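Quick one: the structure is below, and I'll ask about it shortly.
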Amino acid sequence: QGRLVESGGDLVQPGGSLKLSCAVNEVKLDNYVIGWFRQAPGKEREGVSCISGIDGTTYYGNFMKGRFTISMDNAENTVYLQMNNLQPEDTAVYYCATVPISRVRAIQFLLHPSTYENWGQGIQVTVSS
């Protein structure tokens with residue numbers, strides 16, 4: 001399913017913004033769902049957002065409250081996560097992951113980590129003053 005490489009993580013002050021990138025190597029996005037997840041210390045990994053590579057349909061976790069936007073560039077084979085108005089509770093390791101569209105069980109599982117089969121190494125996002 002290709003190699004996933006995240007970038008863009010950083011230390012940012014509350015209220016700041018970051019844009020994460022997930023470069024998907026060796027495969028094309030068209031047949032995959034690409035998701036962003038995060039895991040804070042001591043917490044379970046949770047779904048942030050995902051996007052369908054075939055038609056660009058997007059899904060978001062309820063806690064996003066309109067602050068995060070997922071997008072993709074098929075020519076660059078890259079998926080992005082624009083994060084605005086970051087808060088300390090957004091501090092976590094952020095991961096991107098893929099699953100073939102044909103293997104998605106149902107829409108309600110699109111933000112569940114167990115749906116995804118291929119994961120990046122993760123990147124740290126720290127929100128602190």
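Since the model is a prediction, treat every value here as computed from it, not as a measurement. FYI, the numbering just counts along the sequence from 1. Hydrogens, waters and symmetry mates are skipped; everything else that's a heavy atom, side chains included, is used.
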**Report entry** pair Val125-Thr91: side-chain heavy atoms closer than 4.5 Å
**Finding:**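 Side chain of Val125 against side chain of Thr91, heavy atoms only: no contact under 4.5 Å found.
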Query raised in the report: Do Val93 and Tyr80 belong to the same hydrophobic cluster, where Ile, Leu, Val, Met, Phe, Trp and Tyr are linked whenever their side-chain heavy atoms lie under 4.5 Å apart, directly or via other members?
Result: no
Report task. Determine whether Val5 and Ile51 fall in the same hydrophobic cluster, where Ile, Leu, Val, Met, Phe, Trp and Tyr are linked whenever their side-chain heavy atoms lie under 4.5 Å apart. Result ->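 No.
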Query - Gap between atom OG1 of Thr98 and atom CZ of Arg3 - 0.5 Å precision - result: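 OG1 of Thr98 is found 13.0 Å from CZ of Arg3.
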Requested in this report: With side chain to side chain contact (heavy atoms under 4.5 Å, CB included) as the test, would you mind laying out the steps for Tyr95 and Leu4 before giving the verdict?
Outcome: CA-CA 9 Å; Tyr95 300 87; Leu4 311 179; over 6 Å; no
Query raised in the report: Are more than 12 heavy atoms from other residues, nucleotides or ligands located less than 6.0 Å from atom CD of Gln108?
Result: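 More than 12 within 6.0 Å, yes.
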Report task. Could you tell me whether the side chain of Tyr59 reaches within less than 4.5 Å of the side chain of Ser52, counting heavy atoms only? Result -> no
Query - Distance, nearest 0.5 Å, that separates CZ of Arg105 from CG of Leu110 - result: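 Interatomic distance, Arg105 CZ to Leu110 CG, rounded to 0.5 Å: 10.0 Å.
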Query raised in the report: Is there side-chain contact between Glu44 and Gln39, with at least one heavy-atom pair below 4.5 Å?
Result: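 Not touching, per the 4.5 Å side-chain cut-off.
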Query raised in the report: So, do Leu20 and Met83 sit near enough that their side-chain heavy atoms are less than 4.5 Å apart?
Result: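 Heavy-atom side-chain distance check passes, below 4.5 Å.
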Query raised in the report: Which distance, rounded to the nearest 0.5 Å, do you find between the CZ of Phe109 and the SG of Cys50?
Result: 13.5 Å
Query - Nearest-0.5 Å distance, OH of residue Tyr32 to CD1 of residue Ile101 - result: 10.0 Å
**Report entry** Considering all heavy atoms, the nearest Gln87-Arg67 contact
**Finding:**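 Looks like N-NH1, 4.1 Å.
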Query raised in the report: Within a strict 4.5 Å, meaning less than it, do heavy atoms of the Arg45 and Arg38 side chains meet?
Result: no
**Report entry** Hphob cluster co-occupancy, Trp36 + Leu111, side-chain heavy atoms under 4.5 angstrom
**Finding:** no
Report task. State whether the side chain of Glu6 and the backbone N or O of Cys22 hold a donor-acceptor pair below 3.5 Å, judged by distance alone. Result -> no
Report summary line: Distance col, row Ile54:CD1 vs Asn31:CG, nearest 0.5 angstrom, shows 6.5 Å
Query raised in the report: Rounded to the nearest 0.5 Å, what separation is found between the CZ atom of Phe37 and the SG atom of Cys96?
Result: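 It comes to 10.0 Å.
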Requested in this report: Look only at the side chain of Asp10 and the backbone of Val12, and say whether a donor-acceptor pair between them is shorter than 3.5 Å.
Outcome: no
Query raised in the report: Under a 4.5 Å side-chain heavy-atom rule over Ile, Leu, Val, Met, Phe, Trp and Tyr, are Leu86 and Ile70 clustered together?
Result: yes
Query - Minimum-distance pair of heavy atoms, taken over all atoms of Ser49 and Leu81 - result: CB-CD1, 4.3 Å
Report task. Dump the intermediate steps for side chain to side chain contact (heavy atoms under 4.5 Å, CB included) on Ser128 and Gln13, then the final yes or no. Result -> CA-CA 5 Å; Ser128 176; Gln13 292 188 343; over 6 Å; no
**Report entry** Co-membership, hydrophobic cluster, residues Ile107 and Val104, 4.5 Å side-chain
**Finding:**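 In one cluster: yes.
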Report task. Work out which heavy atom in Ala40 is nearest to a heavy atom in Ala92; give both atom names and the distance. Result ->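 Closest approach of Ala40 to Ala92, heavy atoms only: N-CB, 3.8 Å.
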Requested in this report: Count the heavy atoms belonging to other residues, nucleotides or ligands that lie under 6.0 Å from CG of Leu11, then report whether that count exceeds 12.
Outcome: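 Counting other residues, nucleotides and ligands, CG of Leu11 exceeds 12 neighbours.
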Requested in this report: Could you name each residue pair satisfying side chain to side chain donor-acceptor pair (under 3.5 Å) that touches residues 70-79, not counting sequence neighbours?
Outcome: none
Query - Gly9 backbone acceptor or donor facing Gln124 side chain under 3.5 Å - result: no
Query - Val48 side chain reached by Tyr94 side chain, heavy atoms, under 4.5 Å - result: yes
Query - Side chain proximity check, Pro88 to Pro14, heavy atoms < 4.5 angstrom - result: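 Contact flag for Pro88/Pro14 side chains = yes.
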Query raised in the report: Are side-chain heavy atoms of Lys19 and Ser7 found at a separation under 4.5 Å?
Result: no
